[in-house]
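Because the structure is a prediction, the values reported are computed rather than measured.
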Amino acid sequence: MPAGPHPSVEAYAQRRARVATQLQRESGALVLFGGALQTRANDTEFRFRPDSDFHYLTGLEEPGAVMVLRPGPDGGDLRFSLFVRARDRDAEIWSGRRIGPIGAVEQFGASEAFALAELDERLPALLDGCETVYLPIGRWSSLDASLAKAVSSLRRRNRDGRTPPLRYGEAADLIGEDRLVKDAAGLASLRQAIDITVAGHTATMRQAKPGMWEYEIEALLEYEFRRRGSTGPGYGSIVGSGDNATVLHYVDNRDRVRDGDVILIDAGAEWDYFSGDITRSWPVSGKFSGEQRAVYEVVLAANLAGIERAVVGSNIDAIHEACLDVLCEGIAELGLIESLTGPGAAAQIREEGLYKRFYMHRTSHWLGVDVHDAGRYTLGGKPRALAPNHVLTVEPALYIAGDQRDAPERFRGLGVRIEDDVLVRAEGPEILSAAAPKQIDDLEAIIGSG
Ligand SMILES: [Mn+2]
C-alpha cells in the first residue's frame, strides 16, 4: 500500500455503525455490490475500481463482492456479511490474488464471509424479517436478480414463518447522506488526494513550456500523481490551451500549446477512492498578456468572493450568486459584450442572464469519494444549508470562445477557471487546495521555473 494515510478497519466499522443506526429505525438491511470488471475490448478489461458506496463501507477492492449489513434486533450486534470470490490458485495465477472468505473476516472485519457461489442460497435467511431492503435500485442487474429470488423465496415460505421485506429503499441516498459529512478518516484521505493534486498542478506549472503538446503536459501531471502513490486521476484530466480551454469537458488533450496561450488544467488525483478537484489557468509563457490578466483578475475575485460564502448556514446557491455578482461586474467593465457597457450594464447582464455566454455552468458541487460527490443538494425544495465537514468546490470561470462574435477579438480564444476545494468549518472556510498557486505574482514566479 502506498505510503500515506489509509482508513483503519475500525474507521470502516464506524461508517457501517452510523449507517446501521439509520437501518435500525426501519428494521432495515443494506445490500451492496462491489462492482464487476468492465470489458475494454475482446478479453481485456479496464482496471477495476470498486463501487464508491461499497468501498466506503468495506474498504474492499475486489470485483464481484457483495455485502449485507443487518442490525441485530433492539440494537443488538450488527451483522456484516461478505460474499467474495473463493480462493482459486489457478485463477489467481492469471488474474491476481483474491482475499477469499477467510481473508474477508480476518482483514476486513466481516462477521462472516462466504464464497460468492453461496449468495443466492444464503440471502433469504439474511433478509428474513427485515422490513426495508436498501440497495442501489436498478444499478446492477445481477444484484436485482439475486434479491428478487431471495424475496420470492421468503414469500413462498411465509407459512413456515419466514417474513419477506415490505419495500425497497435507495442505498445511494442513505449512504450519500453519510458521505456528505466527512469523517476523520475520509477527511484524511481527501486531504491526501488534494495534496497530491496540488503537487501535480505545481509540477506542470514548473515544467510546461510553449511548444509542448497538451498530452505531454497531461503526462507530467499524471506522472506526479502516480509517483506519489495515487491510483491516478479521479476523472478525465482536462488540459486545454487557448481556445480549447473554452470547451468545458475538453479531454482530447491533443493540440500543441502555443506561446501566448493560457492553459486550463482541471484535474484531481485519487487516494483511497477519494478525489481532489482543482482547476488552474495560467500563461504557458510565464507572463499574462494585458487582456488575459484582466479576465483572470475578475475570475480570481469571483473565486475569493465565492469561498467567503462557504460558511456554516450558507448554501451553494449563495456562493453561486456571490460569484455572479463579481463576474457580471467584470463582464461589463471589460466590455466583453461590446454593445453593453457603461452604467447599468452589469445589472442588465445579470438580470437578462447575458453572462451565460461566458459562464454557463454552476459554481459548486460536493467533493469526496466521487468528484461529483453524493449527498442531497436540496432539502424540502430549498438549497441545503452548509454544515461543518461538508466539502465543496468553488469554480467560477469566464470562457470567451474563439467564435464568440459579440466579444472583442482581442479576448477571444481564452478560458479561465479557478477551482478550489473548500472544507466548511465552524470557524470559517478552509481552502484545502490553498497550496496550488493562483495569485498572479505566485503563478508568474513558478511557471517555467523547472
Ligand atoms: Mn469541479
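- Remark: R15 qualifies as a cation-pi partner of Y12 under the 6.0 Å distance and 45° angle criteria applied to the six-membered ring.
- For the atom pair OG of S364 and CD1 of I319, the computed distance is 4.5 Å after rounding to the nearest 0.5 Å.
- In this structure the side chain of K382 never reaches within 4.5 angstrom of the side chain of N315, judged on heavy atoms.
- Annotation for D259 and S285: closest pair OD1-CB, 3.2 Å, computed over non-hydrogen atoms.
- Atoms CG and CG, from L78 and L69 in turn, are 4.5 Å apart once rounded to the nearest 0.5 Å.
- The main-chain N or O of A41 is never found under 3.5 Å from a side-chain atom of T39 such that the two would form a donor-acceptor pair.
- For the pair E177 and R376, the tightest heavy-atom approach, listed with the atom from each and the gap, is OE2-N, 3.0 Å.
- Counted within 6.0 Å of CD on E338, heavy atoms from surrounding residues, nucleotides or ligands total more than 12; the atom is thus considered enclosed.
- T197 OG1 to Q192 CD: the interatomic distance, rounded to the nearest 0.5 Å, is 9.5 Å.
- The neighbour count for Y377 OH, taken as heavy atoms of other residues, nucleotides or ligands under 6.0 Å away, is above 12.
- Applying the 6.0 Å contact sphere to CZ of R97 captures no more than 12 heavy atoms from other residues, nucleotides or ligands.
- Counting heavy atoms from C-beta outward, R85 and P63 have side chains that approach closer than 4.5 Å.
- Side-chain contact between Y168 and L135 is present, with heavy atoms from C-beta onward closer than 4.5 Å.
- Here the CD atom belonging to E352 is positioned 11.0 Å from the SG atom belonging to C328, to the nearest 0.5 angstrom.
- Between the R16 side chain and the L57 main chain, a donor and an acceptor come within less than 3.5 Å of each other.
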Query raised in the report: Is there a side chain to side chain donor-acceptor pair (under 3.5 Å) between Y134 and Q22 once you walk through the steps?
Result: CA-CA 11 Å; Y134 281 88; Q22 300 296 317; over 6 Å; no
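- At distances below 3.5 Å, not a single donor-acceptor pair connects side-chain atoms of R357 with backbone N or O atoms of Q404.
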**Report entry** Candidate pair E395 and T393, rule side chain to side chain donor-acceptor pair (under 3.5 Å), full reasoning
**Finding:** CA-CA 6 Å; E395 48 182 312; T393 65; 3.1 Å; yes
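- The pair E430-R425 counts as a salt bridge, with a side-chain nitrogen and a carboxylate oxygen less than 4.0 angstrom apart.
- Side-chain atoms of H201 come within 3.5 Å of backbone atoms of A267 as a donor-acceptor pair (strictly under, hydrogens ignored).
- Residues D317 and R362 are paired through a salt bridge, judged by an N-O separation under 4.0 Å between the basic side chain and the carboxylate.
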Report task. Just do the side-chain contact (heavy atoms from CB on, under 4.5 Å) check on R206 and I447 with the steps written out, would you? Result -> CA-CA 5 Å; R206 289 199 178 91; I447 297 163; over 6 Å; no
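- Counting only heavy atoms from C-beta outward, the side chains of M205 and L443 approach each other to under 4.5 Å.
- Closest approach of V394 to C323, counting heavy atoms only: CG1-SG, 4.4 Å.
- Taking the salt bridge (charged side-chain N to carboxylate O under 4.0 Å, His left out) definition, one finds that R49 meets it with E270, D370, sequence neighbours left out.
- Residues V257 and P210 fail the side-chain proximity criterion, which asks for heavy atoms closer than 4.5 Å.
- Across all non-hydrogen atoms, the minimal contact from V84 to A65 is CG1-CB, 4.2 Å.
- More than 12 heavy-atom neighbours from other residues, nucleotides or ligands sit within 6.0 angstrom of CZ on R227.
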Query raised in the report: Yes or no on side chain to side chain donor-acceptor pair (under 3.5 Å) for H249 and Y235, after CA distance, side-chain angles and deciding distance?
Result: CA-CA 11 Å; H249 293 137; Y235 55 95; over 6 Å; no
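- Within the 3.5 Å criterion, the main-chain N or O of S237 finds no donor-acceptor partner in the side chain of E218.
- Remark: side-chain polar atoms of T204 are not paired, donor with acceptor, to backbone N or O of L220 under 3.5 angstrom.
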Query raised in the report: Given Y399 and M360, is the side-chain contact (heavy atoms from CB on, under 4.5 Å) satisfied, shown in steps?
Result: CA-CA 9 Å; Y399 311 99; M360 56 297 282; 3.7 Å; yes
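- Of the possible donor and acceptor atoms, none in the side chain of E308 sits under 3.5 Å from a partner among the backbone N and O of P429.
- Side-chain contact between L264 and Y250 is absent, with no heavy-atom pair separated by less than 4.5 Å.
- Contact annotation: the side chain of M212 never approaches that of R256 to less than 4.5 Å [non-hydrogen atoms, C-beta and beyond].
- Look at R280 and D266 and you find no salt bridge, because none of the NZ, NE, NH1 or NH2 atoms lies under 4.0 Å from a carboxylate O.
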Query raised in the report: What's the verdict on salt bridge (charged side-chain N to carboxylate O under 4.0 Å, His left out) for K438 and D420, showing C-alpha distance, side-chain angles and the deciding distance?
Result: CA-CA 10 Å; K438 66 178 173 184; D420 281 299; 2.7 Å; yes
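- Residues I316 and T363 fail the side-chain proximity criterion, which asks for heavy atoms closer than 4.5 Å.
- Expressed to the nearest 0.5 Å, how far CD1 of I446 lies from CG of D441 amounts to 13.0 Å.
- Listed here is the closest heavy atom pair of A269 and A193: O-CB, 3.5 Å.
- S189 places no side-chain N or O within 3.5 Å of a backbone atom of F274 that could act as its donor or acceptor partner.
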Requested in this report: Give the intermediate values and the outcome of salt bridge (charged side-chain N to carboxylate O under 4.0 Å, His left out) for residues R226 and E222.
Outcome: CA-CA 6 Å; R226 293 290 279 138; E222 294 183 3; over 6 Å; no
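- Ionic pairing of R254 and E214 is not present here: no N-O contact between side-chain nitrogen and carboxylate oxygen is shorter than 4.0 angstrom.
- Heavy atoms of other residues, nucleotides or ligands lying less than 6.0 angstrom from NZ of K209 number more than 12.
- The pair R98-E62 does not meet the salt-bridge criterion, since no charged nitrogen lies less than 4.0 angstrom from a carboxylate oxygen.
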Report task. Quick one: do D243 and R412 satisfy salt bridge (charged side-chain N to carboxylate O under 4.0 Å, His left out)? Show the steps, please. Result -> CA-CA 8 Å; D243 197 31; R412 291 186 210 160; over 6 Å; no
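- Within 6.0 Å of CD in E409 there are 12 or fewer heavy atoms belonging to other residues, nucleotides or ligands.
- Checked against salt bridge (charged side-chain N to carboxylate O under 4.0 Å, His left out), R18 has the following partners two or more places apart in sequence or in another chain: D178, D183.
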Query raised in the report: Going through the distances and angles, do W366 and H390 end up as a ring-ring contact (aromatic ring centres under 6.0 Å, His included)?
Result: CA-CA 8 Å; W366 307 132; H390 286 179; 5.3 Å; yes
Query raised in the report: Can you list the steps and then say if H365 with V371 is a side-chain contact (heavy atoms from CB on, under 4.5 Å)?
Result: CA-CA 8 Å; H365 57 79; V371 63; 4.2 Å; yes
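- A donor-acceptor pair is defined here as one N or O able to donate and one able to accept, closer than 3.5 Å; such a pair exists between the side chain of W271 and the backbone of P5.
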Report task. Could you please spell out the steps behind the salt bridge (charged side-chain N to carboxylate O under 4.0 Å, His left out) verdict for E291 and R410? Result -> CA-CA 7 Å; E291 285 78 16; R410 62 183 192 282; 3.4 Å; yes
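- Stacking of R139 on the aromatic ring of F33 is not recorded, the 6.0 Å distance cut-off and the 45° axial limit not both being met.
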